[in-house]
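This report concerns only the one structure given below.
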Amino acid sequence: MRGFFISFEGTEGSGKTSVIKAVVAHFESKGIRVLTSREPGGIRISEKIRDILLDKDHTEMDARTEALLFAASRRQHLVEKIRPALEEGKMVLCDRFVDSSLVYQGVARNLGIEEVYQINQFAIEDTLPDLTIFVDVRPEVGLARVFSTSGREVNRLDLEQLEFHQKIYNGYLKLIEMFPNRIQKIDGECPIEDVIAQAITLIESRL
Ligand code: TMP
């Protein structure tokens, strides 16, 4: 029996990481075996690639290098962690997956959704999430949250201008049009309990 693969997407400060934690607790309390992970990272080699990607000093990083490193990190994560968990029948909740590359590198870095999809296809070989939850928070609201939350690490990509984040947000809206069945939007600007409830309802409707 194959498990169920869910990815969470959103702009910076969308709150998806807190939503994932609550969703995991909900399904584990029902006796469902859940694996959580994140991208870039989730496994030793991929966490090392994450360090290279998010290092604030790496200002000279070329956009294609960035796209290839995200895809490389994804490949290792997929074969070492996600696929084995799915084969064991687990529910896999992943904080970001291929759609992040399609919008951050494809749209915001102007590499093109199709081009970035192709290099990712080499990495994922058709393993796409069964469901992708887009936590919808407008970029100005998300960024305000990021910079007002003390203790939240500000990474290299956070420092890009609001315009960049607006492009990402628009990129997600475009992906929702391209994959209307797989990618579902929830309202991330309402109180956190409501955001969590929307995510749980959506997942339960697909199980
Ligand atoms: P996060 O762990 O705070 O979500 O940060 C990861 C950053 O990396 C975030 O700015 C989004 C970015 N990212 C990409 O640009 N492409 C990708 O494929 C992934 C997974 C993340």
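For the single chain, residues carry numbers from 1 onward in sequence order. Counting convention: from 1, in listed order, for ligands and their atoms alike. Every heavy atom of this structure was used, including side-chain atoms; hydrogens, water molecules and symmetry mates were not.
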*asked:* Please determine whether any non-hydrogen atom of Glu66 lies less than 4.0 Å from an atom of ligand 1.
replied: no
*Report, in ascending order of atom number, the atoms of ligand 1 lying under 4.0 Å from any heavy atom of Gln105.*
14 (C), 15 (O), 16 (N), 17 (C), 18 (O)
*For the residue pair Glu12 and His165, confirm or rule out a side-chain donor-acceptor distance under 3.5 Å.*
no
*No-hydrogen, no-angle side-chain donor-acceptor test under 3.5 Å, Ser100 and Glu9*: yes
*Is the closest heavy-atom distance from Arg38 to ligand 1 below 4.0 Å?*
no
*asked:* Polar contacts were defined as any N/O atom of the residue lying under 3.5 Å from an N/O atom of the ligand; does this apply to Arg74 and ligand 1?
replied: yes
_Pair Glu66-His58, side chain to side chain donor-acceptor pair (under 3.5 Å): steps then yes or no_ = CA-CA 10 Å; Glu66 185 179 285; His58 292 171; over 6 Å; no
*Distance filter under 4.0 Å to Lys16 heavy atoms, resulting ligand 1 atoms*: 4 (O)
*asked:* Is there a side chain to side chain donor-acceptor pair (under 3.5 Å) between Thr127 and Arg83? Walk through the geometry before answering.
replied: CA-CA 9 Å; Thr127 305; Arg83 277 191 189 153; 3.1 Å; yes
*Measure from NZ or CZ of Arg74 to the centre of the six-membered ring of Phe97, then state whether that distance is under 6.0 Å and the direction lies within 45° of the axis.*
yes
*So, Tyr172 and Asp136: side-chain donor and acceptor under 3.5 Å apart, yes or no?*
no
*Check each atom of ligand 1 against the heavy atoms of Glu39 and keep those under 4.0 Å away; list them by number with element.*
20 (C)
_Which of the numbered atoms in ligand 1 are under 4.0 angstrom from any heavy atom belonging to Phe70?_
8 (O), 12 (C), 13 (N), 14 (C), 15 (O), 16 (N), 17 (C), 18 (O), 19 (C), 21 (C)
*Per-atom contacts of ligand 1 with Arg50, taking only distances under 4.0 Å to non-hydrogen atoms*: 2 (O)
_If we count only N and O atoms by modelled type, under 3.5 Å, do the side chains of Gln198 and Asp187 hold a donor and an acceptor together?_
no
*Is there a nitrogen or oxygen of Asp95 sitting under 3.5 Å from a nitrogen or oxygen of ligand 1?*
no
